[in-house]
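Atoms within each ligand, like the ligands themselves, are counted from 1 in listed order. Worth knowing before you read on, the calculation uses all heavy atoms, side chains too, and leaves out hydrogens, waters and symmetry mates.
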Amino acid sequence: MLRKKIIIGNWKMNKPPSKAKILTKALSFAVPEDREVVICPPFVSLDVVKKMLKGRKIKLGAQNMYFEESGAYTGEISALMLSEMGVSHVLVGHSERRAIFHETNKEINKKLKIALEYKFTPVFCVGESLEEREGHMTEKVIERQLREGLDGLKKSDVLKMVIAYEPVWAIGSGQTATAKQAVEVHKHIRAFLSRLYDKELSEEIRIIYGGSVKPDNVDELMSKPDIDGVLPGGASLDAAKFTRIVGFKAK
Ligand code: 13P
């Protein structure tokens, strides 16, 4: 089963519409046939980016979403709203959402369910903190995030997702996990999903890596068969760097 490589740029809370326009314009590369490219601007820039991507193969993603469809939830954005904006992917459970906004596995589970209902591709983010890694808790923490996040979801639902392994200590720190460290966790995620669902699912699902992905480490990460893509943050804000990442050369 061929797992198509996917590169997702998470702009985080950067690029208001005026700047989003400039950055999108500078992403003038053609998306290679063998890979999928998604960019996730902040909510307020989705519209302008969508218009600029017309006729191009770059897909549009959102960075978050609330799990209710409408109502008295001041400040929140629903799946219904995002579907009208032409979004195809949505990040769910990013570590910044978990740490800064106290998102729980239960809420993440609800978000994954509503994202699937609206036919988005959920990009389900998991990862351990430095403290957890140093305490040899990485596998336990990720297993719990997966078990609780995927609670009640069928195999056919999970197969529509992308799992993103983002070790918290590697995000924005310049300290990338080594390809070996990333592969170890990706393999563990596959083994765990094989137990939770089955072997077929574990072989078909895409697992991508995020955390200080840059032009100078992307080729090595992408050369690993267990790494199906990358999720750069900072480097996706620089057109030349993002273009280089999209054009990774896997050995
Ligand atoms: P950096 O690439 O800036 O470390 O961010 C990674 C990330 O959090 C992507 O979602």
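Under a 4.0 Å criterion applied to the non-hydrogen atoms of Ala170, ligand 1 contributes the atoms 4 (O). Those atoms of ligand 1 that come under 4.0 Å of a heavy atom in Ser212, given as number and element, are 1 (P), 2 (O), 4 (O). Proximity to Leu231 (heavy-atom distance under 4.0 Å) selects the following atoms of ligand 1: 6 (C), 9 (C), 10 (O).
Distances between N or O atoms of Pro232 and those of ligand 1 include no value under 3.5 Å. Geometrically, ligand 1 and Lys12 share a nitrogen or oxygen pair separated by less than 3.5 Å. Distances between N or O atoms of Gly172 and those of ligand 1 include at least one value under 3.5 Å.
Scanning all protein heavy atoms for the shortest distance to atom 2 (O) of ligand 1 gives Gly233 N, 2.8 Å. Nearest non-hydrogen protein atom to atom 9 (C) of ligand 1 is Glu166 OE2, 2.9 Å.
In this structure, Lys57 pairs ionically with Glu33, as a charged nitrogen and a carboxylate oxygen lie closer than 4.0 Å. Using a 4.0 Å cut-off between charged side-chain N and carboxylate O, Glu204 and Arg3 make no salt bridge.
Only the side chain of Asn10 comes within contact range of ligand 1, with a heavy atom under 4.0 Å; no backbone atom does.
For the ligand labelled ligand 1, residue Ala164 lies outside the 4.0 Å heavy-atom shell. Look at Gly210 and you'll find every heavy atom at least 4.0 Å from all atoms of ligand 1.
For the residue pair Asn14/Lys19, the side-chain donor-acceptor check at 3.5 Å is not satisfied. No side-chain donor-acceptor contact under 3.5 Å links Gln63 and His94.
Among Pro167, Gly9, Gly234, Ser236, the residue whose heavy atom sits closest to atom 3 (O) of ligand 1 is Gly234.
The aromatic rings of Phe29 and Phe242 are tilted relative to each other, their planes meeting at an angle between 30° and 60°.
Taking each heavy atom of Gly61 and Val38 in turn, the nearest pair found is N-CG1, 3.7 Å.
Cation-pi contact between Arg147 and Phe192: absent, since separation from the ring centre below 6.0 Å together with deviation from the ring axis within 45° is not met.
Within the 4.5 Å cutoff, no side-chain heavy atoms of Ile108 are placed close to those of Phe67.
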